[in-house]
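These values consider heavy atoms only, across backbone and side chains, with no hydrogens, waters or symmetry-generated copies.
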Amino acid sequence: MSSDAQILQTLRTAGSNGVSGAELSQKLGISRAAVWARIEDLRKLGYEIEASPHAGYRLLSAPDTLHADDLSWRLSKGRKIGRDIRVFEQTSSTNDAIEKLARDGVKEGAVVFAEAQTRGRGRLGRKWISPARKGLWFSVLLRPELPPHAATQLTVASAIAVRNAIEEQTGLKTEIKWPNDILVSGKKVAGILTELSAELDRIKYVLVGIGVDVNLSATDFPAELRTQASSLKIELGKPVARTELAAAILRELDREYCRVLAGDFAAVASDWEQHCATLGQRLVIHLGDRRVCGRAESLGEDGALLLRTEHGHLERIVGGDVMLEK
Ligand code: BTN
């Protein structure tokens, strides 16, 4: 753990009691002058740290910026997801950044966050707006020993993880629209873009890109999206702390991913089905040029949506643009 992370952890644990410079210096094995210099740097990053002769240093508030060490210490030691966390100020797309790491052979569980993306992308080649410090824009590298057709299981597992974390942190009632849109009051607040590199019978790596519209205002969305998209801040009526939410999502992702690897996708799917706004609905699905209509019946063992078509066949849907039939 870096000295910044150790200082922050010690200040957080001490709370209003504060910690003396001598104690920090002993704990970190650095001089009191070096502790002071670290505190000054943390202040520049926006941490409000009071220094008093009696109470020592006290952390009054933390900025809403993402800090890799700060995220790390909120996660458990033996985790897979988030064992390597990197935060960029800006990148084209975190899926591009994580793909580079994947090609360089970085271990699974690495996570790349960006405070802003210049070319964020969504499913079906759509643009994903990613304004600075207003959302969570990040990608996770997975290397599961699974056949390529099981990749949809990871999409489903990621959706339930994001849903659970949002509900835990905000209390908002969330639903999932197949395969992986997270909705609050019928509006999309988060989306997941899963990209796969595979050989015929095995996955090489999966990139799970997650975008959560946390503190965006209505005007941050293009006018044509405002009826369908929203943010947690708009729905809750107040801003949401991004670091806490990011850590909660990583914890939930770790839990759900371990369930998939343990062969317990049935449990993940059952949680997913409980929160799914799509099952039982009549849908229109655009698969490229093809248009399929039917009733969403259930989730297949590989995470596919099983659709009872208007001709009575059960069709396995693994992608496409899903809309409620009007
Ligand atoms: C969708 O619902 O269409 C998927 C949206 C996924 C957006 C995230 S933001 C982080 C990662 N980087 C990207 O360029 N896209 C994903």
**Student:** Could you check Thr194 against Thr155 for side-chain hydrogen bond (donor to acceptor under 3.5 Å, both in side chains), going step by step and ending with a plain yes or no?
**Tutor:** CA-CA 6 Å; Thr194 312; Thr155 303; 3.0 Å; yes

**Student:** Would Asp302 and Thr152 count as a side-chain hydrogen bond (donor to acceptor under 3.5 Å, both in side chains) here? Give the steps.
**Tutor:** CA-CA 6 Å; Asp302 55 0; Thr152 318; 5.9 Å; no

**Student:** Are Lys127 and Arg119 packed together at the side-chain level, in the sense that at least one heavy-atom pair is separated by less than 4.5 angstrom?
**Tutor:** no

**Student:** Does the salt bridge (charged side-chain N to carboxylate O under 4.0 Å, His left out) test come out yes or no for Asp181 and Lys187, once each step is laid out?
**Tutor:** CA-CA 9 Å; Asp181 286 355; Lys187 288 189 174 181; over 6 Å; no

**Student:** Within the 4.5 Å heavy-atom criterion, are Arg291 and Val284 side-chain neighbours or not?
**Tutor:** yes

**Student:** Could you state whether Ile210 and Ile129 fall into the same hydrophobic cluster, counting links through intermediate Ile, Leu, Val, Met, Phe, Trp or Tyr residues with side-chain heavy atoms under 4.5 angstrom apart?
**Tutor:** no

**Student:** Take Thr174 and Arg163 through the side-chain hydrogen bond (donor to acceptor under 3.5 Å, both in side chains) test and state the conclusion after the steps.
**Tutor:** CA-CA 6 Å; Thr174 47; Arg163 189 218 82 88; 3.1 Å; yes

**Student:** How about Ile203 and Pro147: do any of their side-chain heavy atoms sit closer than 4.5 Å?
**Tutor:** no

**Student:** Mind checking whether Tyr47 and His67 have parallel, tilted or perpendicular rings, split at 30° and 60°?
**Tutor:** perpendicular

**Student:** Compute whether any side-chain donor of one residue and acceptor of the other, for Glu252 and Tyr257, lie under 3.5 angstrom apart.
**Tutor:** no

**Student:** Between Arg295 (side chain) and Arg308 (backbone), is there a donor-acceptor pair under 3.5 Å?
**Tutor:** no

**Student:** Please examine the side chains of Asn164 and Ile160, heavy atoms only from C-beta on, and report whether any two atoms are closer than 4.5 Å.
**Tutor:** yes

**Student:** Please answer whether the main-chain N or O of Ala266 pairs with a side-chain N or O of Ser270 as donor and acceptor at a distance below 3.5 Å.
**Tutor:** no

**Student:** Does Val318 belong to the same Ile/Leu/Val/Met/Phe/Trp/Tyr cluster as Val260, with side-chain heavy atoms less than 4.5 Å apart forming each link?
**Tutor:** no

**Student:** Looking at every non-hydrogen atom in both residues, tell me the closest pair between Gly122 and Trp128 and how far apart they are.
**Tutor:** N-CB, 3.9 Å

**Student:** Tell me if a side-chain donor or acceptor on Arg79 pairs with a main-chain N or O of Ser76 at a distance below 3.5 Å.
**Tutor:** yes

